[in-house]
K.L.:
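Mind looking over this structure? Questions follow.
Since the model is a prediction, treat every value here as computed from it, not as a measurement.
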Amino acid sequence: MKHQDLEVWNKAIKLVTDIYIITKNFPKDEIYTLTSQMRRCAVSIPSNIAEGCARFSDKETLKFLSIAIGSAAELETQVIISKNIGYIDNIDNLIAQISSLKKLILGLVKYLNTKNTQT
């Protein structure tokens, strides 16, 4: 399975771009804290999807998809924190993007689990 062909990977790449644009406006004293953490979490999502798809077994792929879901949940938390401290005004679009990604990743997990029970 080529990760570049997956809708979930492409949407995750868009989210990374959006996070980089948004965090560019964060205070400079956040560069090594919240800015860096949000960027790392965002980058982790498509990176783990890609790494999972490059593995030789569905079991390994599922492990990396699990990490991607964890990174998405972590990013969602950091987006909420960023709003609460006044760095982001409206988080509705970001939260919707992250929720959509989590659903797509879970759909891929379900597909792989179903595929493995049928063989």
K.L.:
Checking side-chain contact (heavy atoms from CB on, under 4.5 Å) for the pair Glu51/His3: CA distance, chi angles, key distance, verdict?
P.N.:
CA-CA 8 Å; Glu51 186 166 358; His3 62 274; over 6 Å; no

K.L.:
Which pair of heavy atoms, one from Cys53 and one from Leu6, lies closest together, and at what distance?
P.N.:
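Scanning both residues, the minimum pair turns out to be SG-CD1, 3.6 Å.
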
K.L.:
Which side-chain hydrogen bond (donor to acceptor under 3.5 Å, both in side chains) pairs, counting each pair once, include a residue from residues 83-92, with sequence neighbours left out?
P.N.:
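Qualifying pairs, neighbours excluded: Glu30-Tyr87.
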
K.L.:
Flag yes if Val79 and Tyr20 sit in one hydrophobic cluster, no otherwise; membership is Ile, Leu, Val, Met, Phe, Trp, Tyr, and two members link when side-chain heavy atoms are under 4.5 Å apart.
P.N.:
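No.
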
K.L.:
Using a 4.5 Å cut-off on heavy atoms from C-beta on, say whether the side chain of Ser47 contacts that of Phe64.
P.N.:
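Side-chain contact under 4.5 Å: no.
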
K.L.:
Check whether any side-chain heavy atom of Leu65 lies under 4.5 Å from a side-chain heavy atom of Leu112, and answer yes or no.
P.N.:
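The answer is yes, as the side chains (C-beta and beyond) meet within the 4.5 Å cut-off.
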
K.L.:
Is there a path from Ile69 to Ile13 through hydrophobic residues (I, L, V, M, F, W, Y) whose side chains come within less than 4.5 Å of each other?
P.N.:
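Yes: a chain of side-chain contacts under 4.5 Å links Ile69 to Ile13.
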
K.L.:
For residues 94-106, please give each side-chain donor-acceptor pair under 3.5 Å, one per line with the distance, not counting sequence neighbours.
P.N.:
{"unit_1": "Gln97", "atom_1": "NE2", "unit_2": "Asp18", "atom_2": "OD2", "d": "3.1"}
{"unit_1": "Ser99", "atom_1": "OG", "unit_2": "Ile95", "atom_2": "O", "d": "3.0"}
{"unit_1": "Lys102", "atom_1": "NZ", "unit_2": "Glu76", "atom_2": "OE1", "d": "2.9"}

K.L.:
Starting at CD1 of Ile67, measure out to CD1 of Ile49 and round the result to the nearest 0.5 Å.
P.N.:
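Rounded to the nearest 0.5 Å, the CD1-CD1 separation comes to 11.5 Å.
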
K.L.:
Can you find a heavy atom in the side chain of Gln37 that is under 4.5 Å from one in the side chain of Arg40?
P.N.:
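A side-chain contact under 4.5 Å exists here.
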
K.L.:
Do Ile91 and Ile81 land in one hydrophobic cluster if side-chain heavy atoms of ILVMFWY residues count as linked below 4.5 Å?
P.N.:
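Same cluster: Ile91 reaches Ile81 through Ile, Leu, Val, Met, Phe, Trp or Tyr contacts under 4.5 Å.
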
K.L.:
Do the non-hydrogen side-chain atoms of Ile19 and Leu75 ever get within less than 4.5 Å of each other?
P.N.:
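A side-chain contact under 4.5 Å exists here.
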
K.L.:
Give me the atom names and distance for the closest heavy-atom approach of Cys41 to Ser71.
P.N.:
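Closest heavy-atom pair between Cys41 and Ser71: O-CB, 3.7 Å.
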
K.L.:
Would you give the length of the straight line joining atom CE of Met38 to atom OG1 of Thr33, rounded to the nearest 0.5 angstrom?
P.N.:
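Going from the CE atom of Met38 to the OG1 atom of Thr33 covers 11.0 Å.
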
K.L.:
Which pair of heavy atoms, one from Gln4 and one from Trp9, lies closest together, and at what distance?
P.N.:
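Between these two residues, the closest heavy atoms are CA-CE3, 3.7 Å.
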
K.L.:
If you compare all heavy atoms of Ile45 against all heavy atoms of Ala72, which two are closest, and at what distance to 0.1 Å?
P.N.:
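Minimum heavy-atom contact is CD1-CA, 3.6 Å.
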
K.L.:
At what distance, to the nearest 0.5 angstrom, does CG of Asn10 lie from CD of Glu7?
P.N.:
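Here the rounded value is 8.5 Å.
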
K.L.:
Atom CG of Leu62 and atom OH of Tyr111: how far apart are they, to the nearest 0.5 Å?
P.N.:
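Leu62 atom CG to Tyr111 atom OH measures 11.5 Å (nearest 0.5 Å).
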
K.L.:
How close do Arg55 and Glu60 get, counting heavy atoms only, and between which atoms?
P.N.:
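The pair with the smallest heavy-atom distance is NH1-OE2, 3.4 Å.
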
K.L.:
Check whether any side-chain heavy atom of Ser36 sits under 4.5 Å from a side-chain heavy atom of Ile31, and report yes or no.
P.N.:
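Answer no - side chains too far apart.
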
K.L.:
Assess whether side-chain contact (heavy atoms from CB on, under 4.5 Å) is satisfied between Ser82 and Leu34, documenting all intermediate values.
P.N.:
CA-CA 8 Å; Ser82 296; Leu34 194 56; 3.3 Å; yes

K.L.:
So which atom in Gly52 and which in Thr61 form the shortest heavy-atom distance, rounded to 0.1 Å?
P.N.:
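Smallest interatomic distance, heavy atoms only, reads O-OG1, 2.7 Å.
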
K.L.:
Under a 3.5 Å threshold, yes or no: a donor from one side chain and an acceptor from the other, between Thr23 and Thr35?
P.N.:
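No donor-acceptor contact under 3.5 Å links the two side chains.
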
